[in-house]
Amino acid sequence: MTNMEPRYDASTVESKWYGRWEAAGLFQPDPDPNKKPFTVTIPPPNITGSLHMGHALCYPIQDLYGRFQRMQGRSVLILPGQDHAGIATQSVVEKMLRKEGSSGAQIGRDKFVERVWEWRKESGDNILHQLRTLGCAFDWSRSRFTLDEKYHEAVLKAFIDWFDQGLIFRGKRVVNWDPVLQTSVSDIETERKTVRGKLYYIRYPFADGSGSVTIATTRPETMLADVAVAVHPSDPRYKGLTGKTLILPLLNRELPLIADQYPDPAFGSGAVKITPAHDPNDYQVGVRHNLPMPVLLDSRGRITEEGGPYAGLDRNEARKRIVADLEEQGFIEKIEDHDIPILISDRSKEPIEPLLSEQWFCDQPKLAASAIDVVRNGDVKFFPERYEKIYLDWMENIREWCISRQLWWGHRIPVYYGEDGTAYAALSWEKAQSKASASKIVRQDDDVLDTWFSSGLWPFATLGWPEQTDDLKRFYPTSLLVTDRNILYLWVSRMIMMGLDFAKSKPFEDVFIYATVLTEDGRRMSKSLGTGVDPLEVIQKVGADALRYTLLSQTGANQDIRYSERKTEEARNFCNKIWNATRFVLLNTEGSLRQQPAELEDVDKWLLSRLAMTEKTVKSAFEGYDLQTACQALYQFFWSELCDWYIEVAKPRLIDPGKRETPQWVLLTSIDAFLRMMHPVMPFITEELYANLPLPKKAEFIMSAPWPEIPPEFSQPDVEARMERVFEITRGLRALRAELGLTPGVSVPVAYCEGDIAGGDWIVKSQAWVQEIRAGKPDGKHISATVEGVDIHLPLGDLVDPAKELDRIGREEIKAREELAKTEERLGDATFIERAKPEVVERAREQAEEIRSRLRKLEERRKLFG
RNA sequence: GGGCGGUUAGCUCAGUGGUAGAGCACUUCGUUCACACCGAAGGGGUCACAGGUUCAAAUCCUGUACCGCCCACCA
């Protein structure tokens, strides 16, 4: 294998392997029943989605664990799929229709849904293809879509079950209404924002002409649907007035002045107008006092008939007109600036209208208890751990979930109504009819289910539930969920509740929540802000392996990571380094010994010991979701230990036919193990290089190879310490050379050395480019350094500028004196001697002694030049 | 209002009790037969701030400031 290019070309290599893995069936779980399964059902991306940096992290993490666990001997299933994403998809298709001059309303429900399916067939799979580019080894033969027929049946079954148990019910509530999308959305799908607004103080006169009550409101337009004014019973300002009748300005309707706990006497005037249909608090008041609840806004946020002369106006326009009219008629007492908290719809980014309407709800509070237990008792574990508390806090305060959406794209609610309005939940119209018996079914509910209702079933519905399929039996509960923190409440908590109730056990063991990918300067990546970066473009430039490494090597317990092009270049350089080092090894291992040689030099033992340490670190870091540490250990082992030291030291032996077999074996052993450990992070380059390694025993693919087993005897800490000394001395000598302006590679005839260099003469000679090392000290002028207690001298005084050298010695002396002063101060402290651990005191003593000796030597050297 | 992260070298980040580390950037040198997407040598930090615990604090505790995220029905 000598035809490797000196520059690694990712695109050639990366296009080669994916198809081969797939053809070899490696994406399917190993059928061997003795292998413990490792299962992941991936968070299904939306069919509207295109790949972004978050995906480029999320899915490779799962792929990494699939590959890692496969190497650990598990039967791995990573099940991919997609989410129909009700609101998002419906919006996309609506937009397309509008461009064509049409609309959903125009073509009707059936045609519209047909249209969405068409669109999905054309472009809905894009994102899954993009995951292949990233190297994700997912089982495409088991891919699922949340609107597949089978999946749909599972959703209906779940709904009907909960309906029958009373866990799903219909109710009239003030919900979050999105006037743009014209549907309800759940509490979690809204975002709180504070905007600068006004607080209007409006006088409501008493019907009997005895003055007025001033209310304070931020939303004057809703007064048209007022049904009362409330004050706190303890408020002295309104003592004896409750029960009287007020006149609603503009509409001249009568309103009672009522007493309720809700108004805060300290806020505004202490009196609150009550609009039950458009404010959740007012709604509660309305219920307590049995008040009427007129609805003022229609589905687009326009004023209804209730608004009398204002009917038909948009709510914002209505506000202006109403304030102007109130002002003109003298009802406004004052207007103050006020920060108003408003709700914004996540999807449309428009302000939410609280709106009283009839919706379907899920009784989450009843389901929460076991979902709390399963996390409390450690059956489901969160990584990083802090998310456990966030999850529990949420679950302990969980509220009803509005699951109906006024959309067409989604799972239509399987509820059918009889003539008398009775609701029957059933799999079909016919089944509903048989449930209803005598009563005739006249219509099906128009609403569809919240997308999260169907995705909550994902871990088991994808495996065949409600049927007890072989897959469900073998692969459920799944092993790992990898997701981002934004959907902890929307999705993770629902899967846990639904999994426990429907599939009778937790949906997954571990939940790993990865960091948000930000831009280099810490801003959110977003298409609309223009701060997004397309992963596919990055892959074209540096390769999928490099992109994976860039993101994975920053992944741990952190909550953000910053993406930058610079980092991808570093990762690409690392790929190139791996490529070239392996290339070098291949060029130097032809006809090599394939068995462990009897005799190993210290440097060989050193590298193998470092390899053993690295394997330990990497494995436990992977297991603990600390990819950062794993990547760092791999990087350091490969670049600085294997390349910078071992290969350089091994070069002379590699050209010597009598000595080459040992370093050949060490290099092959190390590279083989390194590539296997690196494979979960960089699947392509490792596969390509592994294919070329001349190993005695080799798997068909590195992907199907086992995790490297490092013999325990490779670990030799004492040899490591010895070698580190030799390397330090080498560095010291190189520094002396640099002092003389001698460039690396230029050979120096002789260096002197006083002290034990641990049998590393030959290493120091070759690595510091010295022909001979003599014991002792040179006679003439020389420069010196003390490293690891060893004095090294370079007898090349002629080359030295004495002034410069004296300056250097002076600087070192100052440094040493400062160090000595600090250390002596510590040693002079009686409590330190008494209370510090003995080994710490001992070390301080040794250090002091070492510095003193260094100072003495510096003094001698000064004399030499002075 | 409550909670959670973060604040360490110019930049991006490691580092959970014993005198500060990496990569990049920077300076100097170098085309030595794997790699210039490379190698060698160097410069660079009162570890946000203030208290406290300790013989000893970047590290533990308390508080403050700033940045970010999440939760929360004051009209």
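Proteins come first, then strands; the chains are lettered A, B, ... in the order of their sequence lines, and each starts at number 1. These numbers come from the heavy atoms of this one structure, side chains and all, not from hydrogens, waters or symmetry mates.
The CH2 atom of A:Trp645 sits 18 Å away from the C1' atom of B:rA34 (whole-angstrom rounding). Atoms CZ (A:Phe584) and P (B:rC37) sit 20 Å apart, rounded to a whole Å. For the pair A:Asp626 CG and B:rC13 P, the computed distance is 16 Å after rounding to whole Å. Summarising the geometry, the separation between CZ on A:Phe637 and C1' on B:rG23 is reported as 19 Å, rounded to the nearest angstrom. Here B:rC69 presents its P atom at 16 Å from CD1 of A:Ile561, a figure rounded to the nearest Å. Atom OH of A:Tyr635 and atom C1' of B:rA14 are 14 Å apart (whole Å). A:Arg731 has its CZ atom 14 Å from the C1' atom of B:rG42, to the nearest Å. Note: CG (A:Asp393) to C1' (B:rA72) measures 12 Å, nearest angstrom.
Out of B:rU19, B:rA34, B:rA75, the shortest distance to the side chain of A:Lys577 is found at B:rA34. Closest to the side chain of A:Val272, from the set B:rA14, B:rA75, B:rG3, is B:rA75. Comparing B:rC70, B:rA40, B:rG5 by their nearest atom to the side chain of A:Asn486 picks out B:rC70. With B:rU19, B:rC71, B:rA41 as the choices, the nucleotide that has an atom nearest any side-chain atom of A:Trp394 turns out to be B:rC71. Candidate nucleotides B:rU19, B:rA75, B:rG18 were compared by shortest atom distance to the side chain of A:Ala836, and B:rG18 ranks first. Distance from the side chain of A:Asn576 is smallest to B:rC35 among B:rA34, B:rC35, B:rA40. Closest to the side chain of A:Ala216, from the set B:rG39, B:rC24, B:rA75, is B:rA75. The side chain of A:Ala581 lies closest to B:rA34 when the candidates are B:rA34, B:rC69, B:rG18.
A:Thr823 and A:Gln847 share no donor-acceptor pair across their side chains, judged by distance under 3.5 Å alone.
Straight-line distance between the C1' atoms of B:rG63 and B:rA25: roughly 37 Å, to the nearest whole Å. With both ends at atom P, the span from B:rU53 to B:rU59 equals 15 Å, rounded to whole Å. Taking atom P in both B:rA50 and B:rA58, the straight-line distance is 13 Å, to the nearest Å. Nucleotides B:rG6 and B:rG15 have their P atoms positioned 10 Å apart, rounded to a whole Å. Comparing the same atom, P, in B:rC60 and in B:rG17 gives a spacing of 8 Å after rounding to whole Å. Taking atom P on both B:rC11 and B:rA72, the two are 37 Å apart, rounded to the nearest angstrom. B:rG3 and B:rU19: their P atoms are spaced 36 Å apart (whole Å). One C1' atom belongs to B:rG44, the other to B:rU54, and the distance between them is 32 Å to the nearest Å.
Heavy atoms of A:Lys273 sit nowhere under 4.0 angstrom from any nucleic acid atom. Base engagement by A:Gly270 is indicated by at least one non-hydrogen atom pair under 4.0 Å involving a base atom. Counting non-hydrogen atoms under 4.0 angstrom, A:Ala735 reaches the backbone sugars and phosphates but no base. Within 4.0 Å (heavy atoms only), A:Gln847 reaches at least one base atom of the nucleic acid. Residue contacts for A:Cys575: at a heavy-atom cut-off of 4.0 Å it reaches no nucleic acid atom on any strand shown. Residue A:Glu648 is classed as a base contact, given a heavy-atom separation below 4.0 Å to a base. At the heavy-atom level, A:Asn281 lies under 4.0 Å from base atoms of the strands shown. In this structure, A:Gln559 reaches the bases: a heavy-atom distance under 4.0 Å links it to at least one base atom across the strands shown. Counting non-hydrogen atoms under 4.0 angstrom, A:Arg562 reaches the backbone sugars and phosphates but no base. Within the 4.0 angstrom heavy-atom criterion, only backbone atoms of the sugar-phosphate kind lie near A:Arg399; the bases stay farther away. Using a 4.0 Å heavy-atom distance criterion, A:Arg192 is classed as a base contact. Within 4.0 Å (heavy atoms only), A:Thr629 reaches no atom of the nucleic acid at all. A:Lys651 comes within 4.0 angstrom of a base, heavy atoms only. A:Arg843 comes within contact range of the sugar-phosphate backbone alone, with a heavy-atom separation under 4.0 Å but no base atom that close.
One finds the CG atom of A:Leu820 at 11.0 Å from the CD atom of A:Glu818 (value rounded to the nearest 0.5 Å).
For B:rC37, its base sits under 3.5 Å from the side chain of A:Arg572 at one donor and acceptor pair at least. Looking at A:Gln554, its side chain has no donor and acceptor atom pair within 3.5 Å of the base of B:rA14.
Distances shown here put every side-chain N or O of A:Lys389 at or beyond 4.0 Å from the OP1 or OP2 atom of B:rG5. When the side-chain nitrogen and oxygen atoms of A:Arg566 are compared with OP1 and OP2 of B:rC24, none of them lie within a distance under 4.0 Å. Applying the 4.0 Å criterion to OP1 and OP2 of B:rC38, one finds that A:Asn573 has a side-chain N or O inside that range.
Of the charged side-chain nitrogens involved, at least one lies within less than 4.0 Å of a carboxylate oxygen, so that A:Glu850 and A:Arg854 count as a salt-bridged pair.
Residue A:Met678 is tested with A:Phe638, A:Tyr549, A:Phe637, A:Tyr635 for a side-chain contact (heavy atoms from CB on, under 4.5 Å); the sole match is A:Tyr549. No option in A:His278, A:Lys273, A:Arg315 other than A:Lys273 meets the side chain to side chain donor-acceptor pair (under 3.5 Å) test with A:Thr222.
Taking the six-membered ring where tryptophan is involved, the planes of A:Phe574 and A:Trp639 are essentially parallel, since the angle between them stays under 30° and well short of 60°. Using a 30° and 60° split on the angle between ring planes, A:Tyr625 and A:Phe512 fall in the parallel class, below 30°.
Look at B:rC37: it lacks any Watson-Crick or wobble partner with both distances under 3.5 angstrom. Pairing partner, B:rG23: B:rC11, with both Watson-Crick or wobble hydrogen-bond distances short of 3.5 Å. The partner of B:rC60 is B:rG52, by the rule that a Watson-Crick or G-U pair needs both atom distances under 3.5 Å. Shown here, B:rU32 forms no base pair; nothing in the strands shown gives a Watson-Crick or G-U wobble contact with both key distances under 3.5 Å. With both pairing distances under 3.5 Å, B:rG68 is matched to B:rC4 as a Watson-Crick or G-U wobble pair.
For the pair A:Lys567 and A:Arg7, nearest-nucleotide mapping onto RNA chain B gives the more 5' position to A:Lys567. Nearest-nucleotide positions on RNA chain B for A:Trp769 and A:Glu520 put A:Glu520 closer to the 5' end.
In this structure, A:Asp282 contributes its side chain and A:Thr275 its backbone to a donor-acceptor pair below 3.5 Å. Using modelled atom types, no side-chain atom of A:Glu641 and backbone atom of A:Arg610 make a donor-acceptor pair closer than 3.5 Å. The main-chain N or O of A:Thr516 is never found under 3.5 Å from a side-chain atom of A:Arg524 such that the two would form a donor-acceptor pair.
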